[in-house]
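Structure, as C-alpha cells:
Convention: sequence-line order gives letters A, B, ...; per-chain numbering from 1.
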Number of protein chains: 2
Amino acid sequence: MADECDVLIIGAGPAGLMLGCWLARTGVKARIIDQRATKITRGHADGVQCRTIEIFQSFGMAERIQRGANELSEVVFYNPDEDGNLVPTSRIPDTEPDTSRFRHSVLNQGRIEDFLIDCMKTGGLAVERSMSPLSLEYNDSPTESHPVTVKIEHLVPVEDSSDPTSGLYRSNILSDEEFNRSRLRGGKVENIKAKYVVGCDGARSWTRKQLGYSLEGDSANIYWGVMDARPITNLPDIRVKVVLHSANAGSLMIVPRERNLVRFYIQLGTLQPGEKIDVSAQSPEKIIESARKILAPYTLECPEVEWWSVYEIGQRICKTVSFKNRVFLAGDAFHTHSPKGGQGMNVSMMDSYNLGWKLAACAKGLTSPSILDTYGQERVEVARQLIEFDHKFSRLFSGKPAVAESEGVSMEEFQALWVRMGKWTSGTAVKYDPSLIMTASSPTKTALAQNVIIGSHFESQMVVCYADAHATQFADRLVSNGRWRLIVFAGNMEDENQRQRFNHLCNQLMHADESPIKKYTPPSADLNSFIEVLTLTSSPRRVLSYSAFPELARPFVGKFRYPTYDQIFSDEVSYLDGGGMAYSGYGVDPDGPGCVVLVRPDQFIADVLGFEQCVENLAVFFDGFMIKAN
Amino acid sequence: MADECDVLIIGAGPAGLMLGCWLARTGVKARIIDQRATKITRGHADGVQCRTIEIFQSFGMAERIQRGANELSEVVFYNPDEDGNLVPTSRIPDTEPDTSRFRHSVLNQGRIEDFLIDCMKTGGLAVERSMSPLSLEYNDSPTESHPVTVKIEHLVPVEDSSDPTSGLYRSNILSDEEFNRSRLRGGKVENIKAKYVVGCDGARSWTRKQLGYSLEGDSANIYWGVMDARPITNLPDIRVKVVLHSANAGSLMIVPRERNLVRFYIQLGTLQPGEKIDVSAQSPEKIIESARKILAPYTLECPEVEWWSVYEIGQRICKTVSFKNRVFLAGDAFHTHSPKGGQGMNVSMMDSYNLGWKLAACAKGLTSPSILDTYGQERVEVARQLIEFDHKFSRLFSGKPAVAESEGVSMEEFQALWVRMGKWTSGTAVKYDPSLIMTASSPTKTALAQNVIIGSHFESQMVVCYADAHATQFADRLVSNGRWRLIVFAGNMEDENQRQRFNHLCNQLMHADESPIKKYTPPSADLNSFIEVLTLTSSPRRVLSYSAFPELARPFVGKFRYPTYDQIFSDEVSYLDGGGMAYSGYGVDPDGPGCVVLVRPDQFIADVLGFEQCVENLAVFFDGFMIKAN
C-alpha cells in the first residue's frame, strides 16, 4: 500500500526547502525527504543575494536574514604593487546602488535552512530525515493520477558513529552515500506515489541518475580550501570583503560573516588531469599555512576554526531538467560550479521558486500541465549563464596576476568583470523569454511603462498606502501565495475623465464574462483570491476619499466581509520616508492614460496592457492555460 | 528561613519587567513576582513612543516591536463645520521629522510584555506568578545587608473560575484584589529578604500603601469607554489616527492597531462629584452605541470586539518615590492619568529604566547608594510634567467644541497643543537636572558640541563603521549593559597634530593613575567593560588604517583577545545609506579640537569635555560616587 501525495521533494537543502515553502503556502499535499539524519549546522554556502532576500521577503521572512546575517558593504581588492607587495588598490560598494531594496548578505546555510523550515512548518510541512530513495518508477497509464512511485528506505543510525567535524564530508569531494555508509543502515521500506517528484538532491543527485541524465562540463584542475574561522590579523580589512591576488603564492578571498566569523577561500594547488584530491592530506593547519603565505607580510592566527573543507573547481550542467513534466531536477542536481561567486545556493533556490507555484497550480488542477514546460525553458538558460560566468570568473581568480611586465591575469580586467557582473550576481538581472505564461514585449507596451520590462521581476518603488499613509515598498505587496497580480497605474484621479476610465476598467474586470477574474475566481472565494488588483494613483491621497474607490480596488473579504486596506497606493512623498518617484521610476506618465501590469505569482512581469484592450487581452492570455472549474 | 536576593520586584507589568530586563542583563540576583495568575493578553495600553523603542533597541529587541506593531503615520482631526457636520480639517504626521530614528507605534501591552519577558529570560530571570505580598518590614541595623523583608503568599487558583472577558476587570475601576478575590485562595507563605524592593504594582500599589504614601490629585468626573475591535465603517480614515470632536455627542479617538484591530476611545458621560461608575451598566453594545452617535452620519459595525473597558479621567501623583533608598515606587504606583496620550506604559517603563542600572551598580557594591537619590529627583519631575500635560489635554479632549459662534473648546487651540506636545509625548524631550551623576552645562561645554545637551539622551546620527563600512545608527551602539561610554569626537585624522592629541588622550585614559578607566576597571576585566570608548572621526575611513588606531579605541577582549571592530566610526557618506551629517548634527567642528561626551548607562549625557582636562574632570566625576574594588 503506497502513500499518495501531490509532490514528493527529494532532498531538503535550500532548493528542496524553498519548494516546500511554496507548496506549504499554497496548501498542496507534499512530502520532503532527506537521507541525512541531521541538518547541517556549520559551513557550506553562505552568500544571500539581493534577489533571494526579495523572495524571502515575499514569504515574510527577509527580516530574519537581515537580523542574523552580516550585510556586506564594501569590496577591497588587494594586489601586488610593482615590487610585489600586497596593497589595497580599490574599494567599491558590495551592492551597487539601485540594485534592490535589500543588500548582499552572508549567513550560514544552516540558518537559512532554519528559516525555510520554519516557513514550511506554518503550512504544516516538515522534513522527513534518514529517508533514502531506492527506486523510481513511472506509470504511463493516462488514467493514473499519481504516476510516479518512489521506494524509500528509512535509515537507522549505527551506534557509536560520531559526527565528523571537517567539511570534507558533505563537500564535493565526498558524497552523501560515502558519508552515510558507515553511519546508517537500512530499515523499513515504504512506497510513495506522487503526481510530481522533484530531485533537489545535489550535485550527485540520485534522481538525476534514475532518469539517466548526467552533468556535462569540465574541471579546471585547481583546488581551493574554504574555512570559517575567527581570525586575529593585522590586515586592516578583515571585516570587509577582500579579493586578494598575491604575486606568487596564489589568491584568497575574505568574506566577513555573522558572529565575528570570517569565511576564507584559499587557493591550495593544482591537480594533474584525472588526479583526485588526496583527502587524507588535508587539514585546517595546512589551509591556514597556505593562507599565511598568500597574505604575507600580514599575519594570521585562527584560535577558533568552526568548519573547513576543500573543493575542486569545475563547471557542469545538465540541460534536461524534466522527465515528461512529472519528474524534475532543481539546484545543484543540474548545475555545479565554484562557490566564490556566492551563486550556488541562490540560483538553486530560484530554480525551485520558479517551479513551485507552477506545480501547485497543476497539482490543484487549476492550470494545464503545459505551463511546466516553462520551468526548463526559463531555468536552464539561467544555469547556462551561471556556468559561463563562473568559468571565466574562477579562472581569473585562480590566475597569477600580471605584475609589472610579467605575464598573467590583468587585475584591471578582473575588477572590471567583477563590477560588470554585479547586477547579474545579485540575481536581479534574470529575464525570462516569451512563453505560454510570458508575453512578448512590443514598442506599444514599452511606451506605456518604459521601465517595466516584460520577462523581468517587478522592481520596488516607495509608494504611500492610501488607507494608513504608510510609506510602503511596493514590491512588499507581492506576497508569495500563488496569486497573480494586476498592478493598475490608475493615473491622476483629479482628471475626471481618467477617473471614469479607471472605474470602467474595474467594472469590466469585475463583471465582464470574459474577464479572467470573473471566469476563474470560484464564486465562493474572495474577489482578490485568484488575481489581486493593486492600484497606484499618480495623484496624492487627499484627492480622492478611500471610500470612493470601486469595489474591485478594495474588495470585501473573509467571513465578516471586512474591507481590504492594502491594495490602493499613491505616488506621493510620504511624511518621513521619501516616495513620490514611482511613476517616474516605472516610466509611466503620471498624467497619461495609465496602464495595467500583469505580474505572475513569482513576481515576474508577464504583460503590460492599456486600459482599453485589457480585459480582452487578459482573457486570451489566461484562457491559454487556465482550466475552468465546473 | 528567608530567601535572599538583591532586588525584589513587586509587579510584572511593563515597569516591573523593564526593571527585570536591566537586572537580568547586568547579572544582578533578582526576583519578580506578580499576584496575577496569568499575564494579560488583550487590551490595556498600546502606545509605544519613539523613546521607548530606542530603549527596546538598546536591549536588542526594537525589531520585535517594529515587526508586530502598527506604525502610526498620520493624525487626522475631524471637527464639526459651521453646520455641525463632521469634516476632516487637517492632517499631520504622527511622528514629527527628526524626533527619533524610530516611529510612534501601537501594539497590545501583552505582546510588549512578552518581549520584555523573553529579554529577561536570556538573563535567567522569570516572573513568579500567583504571588501576593502580605507584609513589608524594614530592618534598620547598619550591619544588615538585606534590610527589607517581604512576606509572600503563593496563591492557588479556585477551580471553575473562568476568566472574565471584559476589561472592567483589571481596569482602573476594579482592582487586582477584587479580580483575584473569587479566583484565587491563599497557599504557602514565604519570606524574601532583599537589598532593594521596587513596587511596580500599579495605580492601586500595595507597596505604596505599605510605605504609607498616597496619590494626590483630582478627577475630572468624566468617563470614557475603550474598545479593541475590527470595525466596518464608511469613515474613510479608519486606518489612521483620528481625533474627533462631534458637535454635540462627545469626542472620540481612533487608533489603528496591529492585526486589523482598531482601538476606540469613546466619551461616554459625566459623573457627579464622588459618584462611581456603575460597573453593571457597562457593555460593549452601549459603548458602540455611543460611538455611533459621535461618528454620525458615518456608520459603524463591529462584528468582533476583542476587549473593552471603561475608565474615569483623573490625574494623581505621589511625589515621594523612595523609602530610605531601599524601597522604591515606579510607574502607575506613583502617577496615574488618562490613557489617550499613550503615555502611561511608556513613562512607567522609563521610570524603571532610570532606576535599573543604578540599582544594579549599588547591588554589586560598585557605587555609593547616594546615586539612588537621583531616581526620585529625575523621575518625579517627569511625572509632574506628565500630570500637567494630561490635565490640560484630557479636558480639551472631553470638551465640547466651539462651533460657529457657540462657546466651547477652540479646535485650533487643541490642535496647536497636540503639535506642540509632539516631542514631549514621544518621550525624547526628557531632560534631567544636574546631580551627583549629571554635570551642569556651561558655555564652554556648549561651544564644544552645540547640539549635545547635557541632561538629555544622546541622539542618533548615521555614521560609518571603520572596520566593515556599515552605515550605523550611532545610538545603536549604546547597548543597555551597564557600561558608561566616552564618545570621542576625534576630529580630522589627516591633521597630524589632531591625531597626536587624540592618541595622547587615549594613552592618558588607558594608563594615567587617576583615569577612571585605569582606576575602576578590574585588572582581569576587558578594557571596555566599565567605560566603553566610541570614537568618531570627521575624516573618512581611507585616511587612517584601522590597525593604526590606539589600543583603547579598539581593545582586545575575551578569552582569545580578539580585536573589537565596533568602536570606531567615521562621519562620511556611506555607500548606500546616507551619513556624513554627524558632526554638523551634533554641532561639533569637524576641523576643530574635538571633544569627549560622557554618556551614562541609560544613554543620558552626563558631561561634555575638552581633550585637555578630560582625564582630570572624569576623575573628579567618577570619584564622587564610584567605590574602588580592593
Side-chain angles (χ1 to χ4, degrees), chain A residues 60 63 66-67 70-76 88 91-99 103 230-241 256 260 298 301 303-304 464-471 541-542 544-549 556 558-566 574-577, chain B residues 60 63 66-67 70-76 88 91-99 103 230-241 256 260 298 301 303-304 464-471 541-542 544-549 556 558-566 574-577:
Chain A
E63 102 225 319
Q66 293 177 303
R67 186 156 27 122
N70 186 38
E71 199 172 286
L72 295 176
S73 297
E74 190 177 63
V75 185
V76 185
R91 293 174 186 273
I92 59 169
D94 194 284
T95 304
E96 289 285 330
D98 298 326
T99 301
R103 311 292 165 72
R230 292 194 181 83
I232 298 177
T233 173
N234 59 0
L235 182 82
D237 289 302
I238 192 70
R239 294 302 304 169
V240 294
K241 195 199 274 183
N260 287 320
Y298 295 107
E301 300 294 330
E304 294 171 290
V464 176
C465 180
Y466 254 74
D468 60 17
H470 285 178
R541 292 164 63 240
R542 60 176 161 69
L544 194 62
S545 154
Y546 192 76
S547 325
F549 278 83
F556 301 92
K559 176 181 162 196
F560 295 109
R561 316 308 293 163
Y562 286 125
T564 50
Y565 292 110
D566 59 353
S574 69
Y575 287 116
L576 300 173
D577 298 293
Chain B
E63 102 225 319
Q66 293 177 302
R67 186 157 28 122
N70 185 38
E71 200 173 285
L72 296 175
S73 298
E74 190 176 64
V75 185
V76 185
R91 294 174 185 272
I92 59 170
D94 193 285
T95 304
E96 288 286 329
D98 298 326
T99 301
R103 311 291 168 70
R230 292 196 181 82
I232 299 178
T233 173
N234 59 359
L235 182 80
D237 289 301
I238 192 72
R239 293 303 305 169
V240 295
K241 195 198 274 184
N260 288 321
Y298 295 107
E301 300 294 331
E304 293 172 292
V464 175
C465 180
Y466 254 75
D468 60 17
H470 285 177
R541 291 164 65 238
R542 60 176 162 70
L544 194 61
S545 152
Y546 192 76
S547 324
F549 278 84
F556 301 92
K559 176 181 162 198
F560 295 110
R561 316 308 292 163
Y562 286 125
T564 50
Y565 291 110
D566 59 353
S574 69
Y575 287 114
L576 300 173
D577 299 294

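- Interface remark: A:F560 contributes backbone and side-chain atoms alike to the contact with chain B (heavy atom separation under 4.5 Å).
- The two residues B:R541 and A:V240 come nearest to each other via the heavy atoms NH2-CG1, 4.1 Å.
- A:N234 CG: more than 12 foreign heavy atoms inside a 6.0 Å radius.
- For the set B:R561, B:K241, B:Q66, B:R230, the entry with the most heavy-atom pairs within less than 4.5 Å of chain A is B:R230.
- Heavy atoms of A:S574 lying under 4.5 Å from chain B are absent altogether.
- Heavy-atom minimum distance, A:L576 versus B:T95: CD1-O, 3.4 Å.
- If you measure heavy-atom distances from A:E74 to chain B, the contacts under 4.5 Å come from both the backbone and the side chain.
- Ranked by heavy-atom pairs shorter than 4.5 Å toward chain A, the options B:P93, B:P231, B:A469 are led by B:P93.
- For chain B, the nearby parts of A:P97 are the backbone and the side chain; heavy atoms of each come within less than 4.5 Å.
- Using a 4.5 Å cut-off between heavy atoms, A:P88 does not touch chain B at all.
- For the pair A:D577 and B:R103, the minimum side-chain heavy-atom distance is below 4.5 Å.
- Across B:R239, B:E63, B:R542, B:E301, the residue that shares the most heavy-atom pairs under 4.5 angstrom with chain A is B:R239.
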Determine whether A:Y546 and B:I238 satisfy the following criterion, side-chain contact (heavy atoms from CB on, under 4.5 Å), listing intermediate values before the conclusion.
CA-CA 10 Å; A:Y546 192 76; B:I238 192 72; over 6 Å; no
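- Only the backbone of A:E96 comes within contact range of chain B, judged by heavy atoms closer than 4.5 Å.
- The shortest non-hydrogen separation linking A:H470 to B:N70 is CE1-OD1, 3.1 Å.
- With a 4.5 Å cut-off on side-chain heavy atoms, B:P303 and A:Y562 count as touching.
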Give the C-alpha distance, both sets of side-chain angles, the deciding distance and a yes or no for side-chain contact (heavy atoms from CB on, under 4.5 Å) between A:D94 and B:Y575.
CA-CA 9 Å; A:D94 194 284; B:Y575 287 114; over 6 Å; no
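- Ranked by heavy-atom pairs under 4.5 Å with chain B, the list A:R67, A:R91, A:E71 is led by A:R67.
- Only the backbone of A:I92 comes within less than 4.5 Å of a heavy atom in chain B; its side chain stays farther off.
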